[in-house]
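Before any comments, here is the structure.
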Amino acid sequence: MRIADHISKLGTETAFAVAAKAAAHAAAGGRVYPFHLGDLNMPTVQTVQEAAVRAMRDGKTGYCPPAGIPPLRDALAQDANGKRGTAYSMENVSVQPGGKPVIAKFLMALMNPGDEVLCPNPGFPIYESQIEFLGGKVLPYPIIPAGDRFTFDLDALEQCVTPKTRLIIINDYHNPTGAELSAAGRERMAALIDRYNLTVLLDEAYFETHYDNKADSLVSLPGMAERSVLLYTFSKKFAMTGWRLGAALGPKAIIDIFNKINVNYESCTCQFVQWGGLEGLTGDQSGPKKIVDTLRERRDVAVDILNDTPGVACIKPNASFYLYPDVTELMARKGFGDNYDAFAEDVLAQTGVSFCTRLHFGRPLPGETRRYIRLAFSGIDLADIREGLGKLRRYATR
Ligand code: PLP
């Protein structure tokens with residue numbers, strides 16, 4: 001059997017390889033503290049579960065419109081309009097089996113071979129994978145620490161732009177750093193998008209996993225909704241990662257293309273899952289609030305322990321369920337230099353703490369000198385966060 005050449009360009013989420021190592025450690029009798037996977041160890045919001053079961057029992061088990069069931073499309077448009085000040089109607093919404101498919105479909109709809117796509121680095125690895133698989137060129141722009149938060153390096157971003165740059169991927173409320181644009185940063189980003197005539201994939205997967213202030217969106221600014229496709233997901237807000245429910249919101253002409261791609265790929269998103277999601281969006285909101293409250297408590301405990309760990313410095317993110325501590329000093333003192341894999345293996349062997357590293361989030365940029373790891377606190381309870389990170393602290397003091 002001969003495998004097609006283009007498959008060599010397809011990347012992956014190497015976090016799954018970390019999961020395999022953690023599983024091997026557990027199989028050998030070791031205790032694992034799972035900070036590696038961005039999944040939630042909480043049940044799906046109860047009202048969503050009940051609505052989906054009801055829909056299944058009511059026979060909502062056949063094909064449905066490729067764009068999604070009309071009440072869900074309408075509810076998604078209204079939800080975005082309420083939170084982002086847009087003027088979407090259901091024609092601007094294409095329901096998807098998760099947020100992730102929006103990435104490839106956006107590129108299929110808008111990227112020609114050879115087009116350049118600005119892409120955050122570090123960043124969600126599927127952006128690079130799909131840009132390269134579909135024949136585009138990745139232009140990585142840096143996400144950097146700035147005092148007590150991570151932010152988008154807009155100067156560096158502007159320097160990347162060439163006449164071939166057509167698209168930009170923005171992950172506001174960012175995986176892995178939790179970076180978000182400031183109000184001024186968002187204005188400047190909008191001006192850059194206008195100046196260079198870019199089309200935007202705005203990945204706001206963590207828009208509602210936000211701890212302090214109300215989240216703001218680039219599509220609220222004049223002219224931006226017309227240039228953007230918004231990635232929406234039910235995964236994080238309602239603890240529905242495995243259900244596979246998300247959506248693309250954008251100009252009708254692009255959404256019509258998404259719907260045509262849906263027909264070709266999956267026909268439609270599972271119907272009773274959509275009825276469950278509709279109840280989540282429109283019904284009682286105490287379930288999603290409880291999820292954010294639980295995550296906030298975990299974040300606060302984890303950040304405090306990490307900042308009390310010699311050689312580790314951790315910015316407290318306002319959004320997402322990831323921490324991206326700087327471990328440069330710890331790695332150096334333990335003699336690992338820039339050898340992330342050896343460091344991660346040693347920490348797993350000595351403490352059971354399992355995590356991803358900077359290498360899982362795009363190719364390191366020239367001139368990078370600081371070393372980072374990513375800890376997800378979505379899949380581990382408070383007691384285990386205390387115990388696991390306590391072991392990491394003792395490891396660091398030895
Ligand atoms: N975008 C970002 C930044 C993510 O971190 C994820 C998942 O981890 C997704 C999109 C896709 O999530 P889903 O396909 O579960 O909606």
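We count ligands from 1, going down the list as the structure has it; atoms in each ligand are counted the same way. In this chain, residues are counted from 1 in sequence order. Just so you know, these numbers use all the heavy atoms, side chains as well, and skip hydrogens, waters and symmetry mates.
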Ligand 1 polar-atom proximity to protein (N/O, under 3.5 Å):
| unit_1 | atom_1 | unit_2 | atom_2 | d |
| --- | --- | --- | --- | --- |
| ligand 1 | 1 (N) | D203 | OD1 | 3.4 |
| ligand 1 | 1 (N) | D203 | OD2 | 2.6 |
| ligand 1 | 5 (O) | N175 | ND2 | 2.9 |
| ligand 1 | 5 (O) | Y206 | OH | 2.7 |
| ligand 1 | 8 (O) | Y206 | OH | 3.4 |
| ligand 1 | 8 (O) | K236 | NZ | 2.8 |
| ligand 1 | 14 (O) | G99 | N | 3.3 |
| ligand 1 | 14 (O) | K100 | N | 2.9 |
| ligand 1 | 14 (O) | R244 | NH2 | 2.7 |
| ligand 1 | 15 (O) | S235 | OG | 2.7 |
| ligand 1 | 15 (O) | R244 | NH1 | 3.0 |
| ligand 1 | 16 (O) | G99 | N | 2.7 |
| ligand 1 | 16 (O) | T233 | OG1 | 2.5 |
| ligand 1 | 16 (O) | S235 | OG | 3.3 |

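- A donor-acceptor pair shorter than 3.5 Å cannot be found between the side chains of T269 and Q96.
- For Q46, the side-chain hydrogen bond (donor to acceptor under 3.5 Å, both in side chains) partners two or more places apart in sequence, or in a different chain, are E50.
- Of all the heavy atoms in T151 and A179, the pair that sits closest is N-CB, 4.0 Å.
- Contacts classified as ring pair (Phe, Tyr, Trp, His ring centres under 6.0 Å) and involving residues 2-61 (residues at least two apart or in different chains) are given here: H6-F133.
- Within the structure, salt bridge (charged side-chain N to carboxylate O under 4.0 Å, His left out) contacts touching residues 99-114 (residues at least two apart or in different chains) are E13-K100, K105-E266.
- Between F343 and Y395, the angle of the ring planes lies from 30° to 60°, which puts this pair in the tilted group.
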